[in-house]
**Q** 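Dropping the structure in here first, questions after.
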Protein chains: 2
Amino acid sequence: MGKRNITLKELAAVLSLSPATISLALDGKGETYRIAAETRRRIEETANRLGYRPNHLARSMRRGKTDTIGVVFPDVSEAYMNRILAGIEAVALERGVSVMIATSSLDSSAEARNLDTLMDRSIDGLLLVPYAPFRGEAYKNDAVRRAMESVIPSVCIDRYLPGITTHAVIGADREAARLAAERLIAAGCRRPAYLGFDLAITTLVERRRGFNDAIKAAGLTGSSDEKLLTERNPDSPDIREWLTELTAAQRLPDGFLVSTDGLALKLRSLLRKLSPAGRGSRRSGTRRKRPLIARFGEDSPYFPTGMISVRQPHEELGRRATEKLFALIAGEVIPKEKQIEIIDMEIIDETQHH
Amino acid sequence: MGKRNITLKELAAVLSLSPATISLALDGKGETYRIAAETRRRIEETANRLGYRPNHLARSMRRGKTDTIGVVFPDVSEAYMNRILAGIEAVALERGVSVMIATSSLDSSAEARNLDTLMDRSIDGLLLVPYAPFRGEAYKNDAVRRAMESVIPSVCIDRYLPGITTHAVIGADREAARLAAERLIAAGCRRPAYLGFDLAITTLVERRRGFNDAIKAAGLTGSSDEKLLTERNPDSPDIREWLTELTAAQRLPDGFLVSTDGLALKLRSLLRKLSPAGRGSRRSGTRRKRPLIARFGEDSPYFPTGMISVRQPHEELGRRATEKLFALIAGEVIPKEKQIEIIDMEIIDETQHH
DNA sequence: GTGAAAGCGCTAACAT
DNA sequence: ATGTTAGCGCTTTCAC
């Protein structure tokens, strides 16, 4: 412990030069300001030797720029957040910009608080994965609105708030959901069902829409069920109860589109308990095949999932959003049709029905 | 978009008061400085109405404190990082302190860069999960050393650098590894093996030691194998090759202690391929039981793992480290024997051998 | 080629 | 009870 940083003034004293000269030289402006090559060398050498590091606060204050962007998102514990973050950091790092992160920890008031503190810290720009409230849940978006309306540029990731957000980078959820559901149908499903959280975010709303697009197109409207979970916990008994009811009503779906990753694993585990026999399709002659699962997400615990997975390009989402943010910070004007960027998703089929 | 923040001076002009008075009143020091109650009310009302928010940069500069701590860790994509982060944020939030995060993205030079930029931003304190180099990998720890030796207090989490780190909060890895290995032995394993990454970090070194403690105590030294992976990728063919060799040599272990989470899942999936029959223990009379697995970690993809798991108290690690950091920031002196805090780990047995 | 001076927005000691 | 003043450490314009 010990060494306080040397200041520009102190360095100036050591060199018997003025702070101004040194500041210019170290900023690489020595050329344009015609500081003697020898002087520049001396400055650099001494600065290095004494370990001079400019005070970032003072510099930011003077220049009106912090070289820091803020990121607010609801929950670190979801794996997809990590991937978004990796994308953000990759871009930020290559521009020498720091990333300040605050998570809302699944609590909308924490989101508001975090947004406000971040804005106070004079960040150059803001990336936001908005909080996902349940449909019907009270959710005040003043802080988001305030943030979006401030001078500081901002970009939403993965979902956005229509009417509030102007810039966003999201996935092609509706289309991907439709394609995934079409795969289920193509694989022979006649009773595809939708399982998801009942969250009021664009992402999930669009997935459900995409599913329904496919159902309607295939003329399966009457035979398709859906379950919208009203609790955050994927281990809640709701899914089991739903499956039990469907089974009792002789309506057990032969395929599922599941809105999120963990939910799909949970569903698979429940279905296995319902029909503990082998894979169904493996021993020929088995009367009832196990239902097919399609899901958003791609996490696989080191073995094939047997599912249809929609690979969400999270890292790309993060990267593109950050690039967009830097464009905005640089003052670029983005035409209306490019304000919401939509990234395609890849579908991976691991059902192995060769 | 649009509204720039109003400054204290401007607010003062509106109120026909001096900036100083307002600053004091808004800081809650109105009482001690005996500012008229009515004046205080007016100040507060107007500040609110005009949406005054103090400029954090200027404030930090003047006070020599940023109310921000920095966190540097190697990789966001590991699930355990999320838990540590949750602990950190919980404590930081309740103190009104912001958390600035930078990840080294599995690259030791990024770690150095991140440490330097964070230190430049005048953070009040630093939390560090040091980069984990492979044994033998070139790793310059100058930046870490610099950071640790600066005036800014710092605390390491999960692992530390002996000789450099002074404050850390870590798990009781050696003891937990010994206990886990003892469980394997108690469950009848006579050829327990150790599988882990060959990383030069205290955490993993201690786990291996703990394993060996148990082996030695049980007199199984000769019949115990180990594999130290020299690649970050858990999907590399190394594990498979190791298992194949062992099988060929008639030395396939009947139990494994695995240093990390994902690795254990990988191992299980490989073992299943090796002996694809049912659970072994289920159909009585089966000659060869499937090997037991004990592992550090607790991730279970929604169904019982059948393993012995060492629950790592990551959130607590994060919390305790942050609390310790705040103590240091407050100027508390921590006695030598309390500088490295060791947190116990819980062992969860899901082998279901009733 | 280099330096002087002003000032970013705030706080805290010192006046009144 | 409130105001004045002097910076925190840096950048930038303008002057020499």
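Order of the sequence lines fixes the chain letters, A, B, ..., with proteins taken first and strands second; residue numbering starts at 1 for each chain.
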**Q** Taking side-chain hydrogen bond (donor to acceptor under 3.5 Å, both in side chains) as the test, write out the residues that go with Lys140(A), two or more places apart.
**A** none

**Q** Looking only at the side chains, is there a donor atom on one of Arg121(B) and Thr68(B) sitting less than 3.5 Å from an acceptor on the other?
**A**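 No, no side-chain donor-acceptor pair sits under 3.5 Å.
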
**Q** Grab the CG-P distance between Leu26(A) and dG9(D) for me, whole Å please.
**A** 17 Å

**Q** A quick test of your reading: do over 12 heavy atoms of other residues, nucleotides or ligands sit less than 6.0 Å from CD of Glu10(A)?
**A** yes

**Q** Testing His167(A), Glu341(A), Gln339(A) one by one against Lys324(A) for a side chain to side chain donor-acceptor pair (under 3.5 Å), which residue passes?
**A**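 It is Glu341(A); the other options fail the test.
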
**Q** Okay, side chain of Asp124(B), backbone of Asp67(B): is any donor-acceptor separation there less than 3.5 Å?
**A** yes

**Q** Show me the protein contacts with nucleotides 11-14 of chain D, counting only N or O atoms at under 3.5 Å.
**A**
unit_1	atom_1	unit_2	atom_2	d
dT11(D)	OP1	Arg59(A)	NE	2.9
dT11(D)	OP1	Arg59(A)	NH2	3.0
dT11(D)	OP2	Ser23(A)	OG	2.8
dT11(D)	O2	Arg62(A)	NH1	2.1
dT12(D)	OP2	Lys29(A)	NZ	3.0

**Q** Taking Phe73(A) as the fixed residue, which of Ile157(A), Ile101(A), Leu128(A) is the one that meets the side chain to side chain contact (heavy atoms under 4.5 Å, CB included) rule?
**A**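 It is Ile101(A); the other options fail the test.
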
**Q** Within this structure, what is the CG-to-P distance between Asp120(B) and dC10(D), rounded to whole angstrom?
**A** 11 Å

**Q** For chain B and DNA chain C, what are the first and last nucleotides along the strand, 5' to 3', with at least one atom under 4.0 angstrom from a heavy atom of the protein chain?
**A**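 Counting from the 5' end, contacts occupy dG9(C) to dA12(C).
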
**Q** Just to verify, what does Tyr139(A) make a ring-ring contact (aromatic ring centres under 6.0 Å, His included) with, not counting sequence neighbours?
**A**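 Checked Tyr139(A) against ring-ring contact (aromatic ring centres under 6.0 Å, His included); matches are Tyr131(A).
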
**Q** Using a 4.0 Å heavy-atom cut-off across all strands, classify Thr39(B) as base, sugar-phosphate, or nothing.
**A** sugar-phosphate

**Q** Might you confirm whether atom CZ of Arg34(A) has over 12 heavy atoms from other residues, nucleotides or ligands at distances under 6.0 Å?
**A** no

**Q** Whether Arg41(B) and Glu45(B) form a salt bridge (side-chain N of Lys/Arg under 4.0 Å from carboxylate O of Asp/Glu) is what I want to check.
**A** no

**Q** Angle between the two end axes of the helix from dG1(C)-dC16(D) to dT16(C)-dA1(D), five base pairs per end, rounded to 10 degrees?
**A** 50°

**Q** With a 4.0 Å cut-off on heavy atoms, is Leu57(B) in touch with a base, just the backbone sugar-phosphate, or nothing at all?
**A**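 It contacts nothing in the nucleic acid.
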
**Q** Using a cut-off of 4.0 Å on non-hydrogen atoms, how would the nucleic acid contact of Ser122(A) be classed: base, sugar-phosphate, or nothing?
**A**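 No contact at all - Ser122(A) keeps every heavy atom at 4.0 Å or more from the nucleic acid.
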
**Q** Nearest whole Å is fine: how far is dC8(D) P from Asn5(A) CG?
**A** 15 Å

**Q** Check side-chain hydrogen bond (donor to acceptor under 3.5 Å, both in side chains) between Ser18(A) and all other residues, then give those that pass, not counting sequence neighbours.
**A** Thr21(A)

**Q** Under 3.5 Å, side chain of Thr117(A) to main-chain N/O of Asn114(A), donor-acceptor pair present?
**A**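 Checked: pair present.
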
